[in-house]
Amino acid sequence: MEAWIPWCLSLAVAAPLVAFFAILATGRALPGSGRPGFWISLGAILASFALSSAAACLWWATGDGIPVAVQNFEEPAAEVLRKDGPAGRVPAADALAEKHGAKTPRMLAGPLLFFAQFGTLRFELTYLIDGLTILFFPLIAGVATCVILYAGAYMDDELRPVIDEHATGEDDGPVRRPGRYARFFQFLCLFCFSMLGLVLVGDLLGVFIFWELVGAASYFLIGFYIEREAANAAANKAFLVNRIGDFGMLTGIAMFVGAFGTLALADRAPVAAERGVDAGLFSQVAERTSGASGSSTVVAPSAGSVEEASTVVPGREGPIWPFVNWHSYLTVAGLLLFCGCIGKSAQVPLHVWLPDAMEGPTPVSALVHSATMVAAGVYLLGRVYPLLSPDALAVIAIVGIVTALAGAAMATVATDLKKALAFSTMSQLGLMTLSMGVGGWFAGLFHLATHAFFKCLLFLGAGAVQHGTGTLDLERMGGLGRKMPLTAGLMLIGSIALSGLGLPLIVLPGLGFAGFHSKDAILEQAFVFAQERPWGWILFGLAACVGALTAYYVARMWLLMFLDRQESHADADDPYHAAPAHDPGAAMLFPIAVLAFLAVVAGWTGWQSVIGSALAAFVATLLFLRLSASSAWRRPAMAAAFAFGGWSVLSAAQTLWLPDVSLQMTLQGAMPPDLAAAETHAEGAVLARAVAGGLALLAAVAGATLAWLRFGRRRRLPLLDSALARPTRLVLLKRLYVDDFYRTVFVDRYFSLTRTAVALDRWVFDRAVDGIASGGRATAQFWTKWVDDRGIDGGFDWFGRATLRAGSRLRQVQTGSLRQYVFFLAAAAVALFVLVFFFLDPEAALDALRQTRESR
Amino acid sequence: MDPSAWILLLTLWLPALAAVVLACAPTSAERFARVWIFLSTLAVFVLVLLGYLLPGSPARFDVSTPTLQHVLDVPWLPSFDIRFAIGLDGISFPLVVLSALIAVLAAAASRSITKGIKAYGILFLLLQTGILGVFLAQDFFLFYVFWEAMLLPMYFLIGIWGGPRKEYAAIKFFLYTLVGGVLMLVALLVLYFQSDVRALADSAVTSTSAAETLAELAVDPESHPNLGVVVVEDPTGARALLIRRAWEPERELTVVRGVARPGAGPVGIFSEARGVVEVLLPAEPNAADLVQAIEENPLLAQALDAALLLPPANGAEVPAREIAGSATAWLRPAPDDVMPVASFPPRQTLRPIHTFSLPLLADLALETECFSPTVQRWCFLALFLGFLIKLPGVPFHTWLPDAHVEAPTPISMILAGVLLKMGGYGLIRVAFPLCPFGAHEYAWLVAGLGIVSMFYGALAAMAQKDFKRLVAYSSVSHMGYVLLGLGAWSASVENGFDASYWNMGAQGAMFQMLAHGISSAGMFFVVGVLYDRVKHRDLDEFGGVYGRMPALAALAFGIFFAGLGLPGLCGFWGEVFVVFSAWKYHAALAVAGAFTTVLTAAYVLTCLQKVFLGAEYRGPYSEKLVPLTLREFLIAGTLFTLGIAMGVAPHPLGFRWFDATFDRQYARLAAWTERLLPVYEAREARELEAQRAAANARAESERAAEGLSMGETPVDPAGPEAPGEEKPSDVPPSGVAPNLEGVQEDLRRKADPPAEEP
């Protein structure tokens, strides 16, 4: 049975890919102006969802009951042991862990696709299935189903030839183009495939592969309106900024493979007795960081043991240049991995792509901002958590809180609905990252999951608003609550969930919407962290501020949209007011409703589920029955209500009989062992919970109240509306000038560098080559002229001429006069006589002659 | 002759034969010429696929064999032992397939050629033979001949069928490559005259891999008279490798088996593990030196008895296995203890045996100390420079943009898809194994130039206005990965010695070459398709092509993303493995290599946006922008499909084919680093020491002389002779200095002819 889980999940990953290629291949040939593209993709994603759910059922069915760590979750923790706990506590934790039988979380690992082997280095695509995977598969597939369902209606325009007014064509008029309905779903499928693949794979190389594919798919989706310059620029920006993050990630992966010789996270199936090549990164890193003791998978190292850790790579002797020890090596490697998360999850300083990415169609934004793309970063942090050193985690926490603050601040002033939501996403992701950094593995991922529901809901709602009004400008909206009551209601649910308010604020403090639980968990974690680290209080305080800001901007958004505004209705020629806004059709509302339901219940466990489900079912039934009074809504509302109610009842029943099947419990089961152990033995954190939860709620209430006063009651607030606030507002609207800073500092430099390269080619390298060539030609010409023509030829010519000249001179001697000849003869005879007599020694000559003869 | 040799020969010469046939056709038969070019390249491709991949084919390429396969080796110019040796191994085979494939696609893309199609076809086919020859040649001289032979058709193809500045581009290409060729020739001759196969014969007895290589030559004694190698296969399957005293070529090689008495038979060692008997044979069984050698090594005699499974002299049964065991024990001497099987006469008195054979040269370099450090350094630099120009690497890359921009589309495809790979191939096949010491010394240079190329190419590509120029610069950038991957191998000893990482980098480089062959050919084809329609390549004039040619846009996105290194496409694997490997060499290189991916993404995305995206096409010839024809679709579609396939299945379509060969080559290089590098380094140190001592002595004596002259003491015995006498030559230990001198002399002697030859 268990062996089927990988199969189910692999097929769940493959289904959207098949759909992608199916639509790619058929493309324009699809009948009905591409409508089948929607059905293909819907079928694929439904298949994915069904397979994921099946895998989840199998997982729960084959598991050995409730994971140990989970059972005591309700018990609060006073002393949460984290990676950076004092050295003295490690043995105690060890003992505790042993006593409680804390074990490594349940994992299924195995190979999927072989890539290459070089000597001892083996690279293959592996899967790693644990609670995290089991949780994220239905989550992604489910959210994607909602989005595709919604997009099927939302993208209706694309079925016909489109007149795109945002793009300037000939004569600055709008561009006419054929619709690209099927193409949209094609890339949506690619996106889902990449994200599902990312969740399935269990090695860093595989993670990187799907990671980049997610980026590429988002590139196509953000730039879906290819006729618009802004969309193209946004797509490029998203891809490039992500690539910058990925550059760090790739380097980090190189560090891991360089030190450990493998990239698989879990051990390969038959684990060698002594940790050899088969040991995955988790066990190797645990061994490295904890010194010699093998039992260290439970608690991560103290500072002391880190220092003692040897400075050589096991089996690969030699210093790990340029790092002094394993601790620093792992810190750097972990932070480089985190660079990828910074890019994907839009953390400061690589957050700049996120607001621009709103250029894509709204369903894309919904998907990008909920379960895919940005979720990938936090997911990855959760996945590789055991590889991160305490120092790396501290940096991660700081990056997280900065992002959370910046995002929340920018969201408070954003005038574009989608951009406001984008900044909110950035802020929430910052909170999740912070949570990871302070040891809140569970809290961060929990928030990621719940956030997926309500953020998707909000984006789809924003799309509905845009559909109804044709604008996203918050300043121009108002009074939509009457025109679009359903949208307003559903978005209210999303807003409450996002702001972290409990539903019945005072009466049942435990029974909040999803965001209440998850945000609570994060603050609680920060609180616990702060108890040990003084500087942690700063984090906690800032996180509480973010909570307040969140409530403020969420309330502002909702109020600006849906509350009546008297003064803004003056100008009647505004096209926005000309077209009466209305709720969208059932095909778009239904997915939003499903998400709203999830946004309510996702955080519940145990008794909360039972009460909450019943309550939700009741409310839902009431609401929909009332709505169905109008005949147009009868059938969809009935269907939705039944589904909704039934689901609620089922969920309540499930909570009673299978308590560990909820979102929280599944996540708990997947917790990294050391954290799980810490959670298990944390005692007396009641205080932490109460204080942190109370503060969080207080902050949220305060923020929401402020917004209510300001936008609902139209009060001028002394601090927010003062002259002093204006520059701040301007800075925030300019996105803190980060984009401008990058443009002037990096982008411009980059372009001047490219021009330098070209100039270098043209003026240095080419000049040199041309110079050599012309030098060669000049040399040749010189040679031809001076050596060949003048020198050699000239020499021969001279010789010829000289011979001729000499001849003609000598000819003058040949006079033919006999007397002269006789005179010459006589003179020669006299000269010879003189020579022989006065200068030659005949004896010597004879001697020489004799010697020659003798030697013969 | 072996049928596999026929297939090999046919692969090589079929294009040339087709060119001859085409030459006989009338000039007016243009249609025939077009079809003929395509059919002949297709025939070559089919032949390659069927001949090497079909199960049961005599020349079937066996992926598990790391050594050369299907070697055809016949004498060509016997007086210099230049041989016509062609063969395949994992390094050449994938490139042969790639070049055959790209040739088919380029031939199909030759539709746009309108003038002189017959001449074009002839040159095109000759070019293909030249390229295949380079990849198949296993003789250095033959390699060089093909290398240069391929240059001329290319020159004419660019110079006649090119764009407006074709003459300039062609000449530039020609001169650049010629310089590279000349440098290679210098190195070739130096290595030839330094090589001495006898050194191998000494060590082959002890070294496993050398024996393998010799076996890999698979030559019969007639065909290799100088070497005297024979491989005898037992009916039982045991292989015997017999090596004659090679410096007496006039003697006959007699394989004496069955006589193993001390003093009466061959000398041999039986390696139990490998089942190989390695025997050193005298021409005459009673050769005195061998008798002596065997008597000095009774164990050896016993081993020989055991190996040849003969009863010992006294007739008593000796358990063969036991003796064999002792023989293997004896075989395991300390690394520097080169086995004195026979006391060879001093080498100086004998004539060295030179060779051009690439496997033998590699053996000499990797197993013996035949090539001195100086030789290796200079030869490596010359070879590296020659291949760097071809690759091309910064700063010798400027021929590439010009050649590409001016060349017609199909020629650009071949140029980028195949020709550049010859540089990388040369590095893997020639430069690194033949000069390991030089490669080790200059690995930083190789890797550093790789990084520079990657950065520089990516930056320069971004600033281009011409579509084709941009693609050309992208080639510079992508081929930089090849340099980095190869360069990162050598010196990783400092970072924790693990040959697996070298191997990874080199295989990544190899994969990058294949992937770049696919993606860059595709990129140039896309440019060509657009150019054929709108007759310009100005990036700023493009935009909105997606709306007009959606199929082309889809294929182009796939192909360009493959070049960008998107996972799931072919460009990814080379990059990622090279970066991983570079980390082991130097962290900065890995960081820079990884960062290049950002720059690559920048120019690729910008380029795609400028060409395909945007509102609508507003450039010239708008009406001519018609959708892809089926022919174009098939060409681009093939490359697109391959790009995806190689990305998804890098092993079956990539690593599988060269895995074994690289494993072996890098295992050998690793062994060399462990065994011989210290020897070389010690040698260097000694020489340095000697030089320093000499300098000291000279300085001292000078000082002494000076002191004397100042002190005006007239007589000193040491004083006058010291400065003039050149004492240093006496100081270094014997065996080093003469060798070095010989090298320098050889260098001096051989440096001249190559300069004149071309």
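In what follows, every chain begins at residue 1, and chains take the letters A, B, ... in the order their sequences are listed.
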- Message: Can you tell me which portion of B:Y168 sits under 4.5 Å from chain A's heavy atoms? Options are side chain, backbone, both or neither.
- Response: side chain
- Task: For each of A:L24, A:V175, A:L205, tally heavy-atom pairs with chain B at distances under 4.5 Å, and name the one with the top tally.
- Result: A:L205
- Task: Provide the closest heavy-atom pair for A:G223 versus A:N232 in the form atom of the first, atom of the second, distance.
- Result: O-OD1, 4.3 Å
- Task: Against chain B, label A:A231 side chain, backbone, both or neither, depending on which of its atoms sit under 4.5 Å from a heavy atom there.
- Result: neither
- Query: So, A:D761 and B:Y456: side-chain donor and acceptor under 3.5 Å apart, yes or no?
  - Reply: yes
- Is it the backbone or the side chain of A:R183 that comes under 4.5 Å from a heavy atom of chain B, or both, or neither? side chain
- Measure distances from A:Y225 to the heavy atoms of chain B and classify the residue's part below 4.5 Å as side chain, backbone, both or neither. neither
- Contact leader toward chain B among A:P178, A:G248, A:G119, where contacts are heavy-atom pairs under 4.5 Å: A:G119
- For chain B, which of A:L113, A:D164, A:I253 has the most heavy-atom pairs under 4.5 Å? A:I253
- Answer with side chain, backbone, both or neither: which region of B:W399 has an atom nearer than 4.5 Å to a non-hydrogen atom of chain A? neither
- Message: Tell me the closest heavy-atom pair linking A:V201 and A:V207, and the distance in Å.
- Response: CG2-N, 3.5 Å
- Considering non-hydrogen atoms only, spot the tightest contact between A:K344 and A:A376 and give its length. CD-CB, 4.3 Å
- Message: Between A:R243, A:E212, A:R180, A:R177, who has the most heavy-atom pairs with chain B when the cutoff is under 4.5 Å?
- Response: A:R243
- Heavy-atom pair count under 4.5 Å with chain B, highest-scoring of A:L760, A:N236, A:V758, A:D770: A:N236
- Task: Work out which heavy atom in B:Y501 is nearest to a heavy atom in B:S581; give both atom names and the distance.
- Result: O-OG, 3.1 Å
- Could you pull out the closest heavy-atom pair between A:A757 and B:L459, with the gap in Å? CB-CB, 4.0 Å
- Message: Need one label for B:F561: side chain, backbone, both or neither, based on atoms under 4.5 Å from any heavy atom in chain A.
- Response: side chain
- Query: So does B:F633 have more than 12 non-hydrogen atoms from other groups sitting under 6.0 Å from CZ?
  - Reply: no
- Message: So which residue, A:L250, A:L336, A:I772, A:D246, ends up with the most heavy-atom pairs under 4.5 Å with chain B?
- Response: A:L250
- Task: Identify which of B:A601, B:P650, B:G614 forms the greatest number of heavy-atom pairs closer than 4.5 Å to chain A.
- Result: B:G614
- In terms of heavy-atom proximity below 4.5 Å to chain A, should B:F655 be classed as side chain, backbone, both, or neither? side chain
- Message: Would you say that more than 12 heavy atoms from the other residues, nucleotides or ligands in this model lie under 6.0 Å from the CZ of A:R749, or not?
- Response: no
- Query: Mind checking whether A:F123 and B:F580 have parallel, tilted or perpendicular rings, split at 30° and 60°?
  - Reply: parallel
- Task: Determine whether the aromatic ring centres of B:F595 and A:F247 lie less than 6.0 Å apart.
- Result: yes
- Message: Can you tell me which portion of B:P550 sits under 4.5 Å from chain A's heavy atoms? Options are side chain, backbone, both or neither.
- Response: side chain
- Applying a strict 4.5 Å limit to non-hydrogen atoms, the region of A:F751 in contact with chain B is side chain
- Task: State whether the side chain of B:S477 and the backbone N or O of B:Y473 hold a donor-acceptor pair below 3.5 Å, judged by distance alone.
- Result: no
- Item | Structural part of B:L564 lying under 4.5 Å from a heavy atom of chain A | both
- CZ/B:R548: more than 12 non-hydrogen atoms of other groups inside 6.0 Å: yes
- Interface check, chain A: of B:D402, B:D663, B:L566, B:T596, most non-hydrogen pairs under 4.5 Å belong to B:L566
- Which atoms of B:F511 come close to chain A, meaning under 4.5 Å heavy atom to heavy atom: side chain ones, backbone ones, both, or neither? neither
- Query: Where does B:Y666 contact chain A at under 4.5 Å (heavy atoms): side chain, backbone, both or neither?
  - Reply: neither
- Query: Where does A:F210 contact chain B at under 4.5 Å (heavy atoms): side chain, backbone, both or neither?
  - Reply: neither
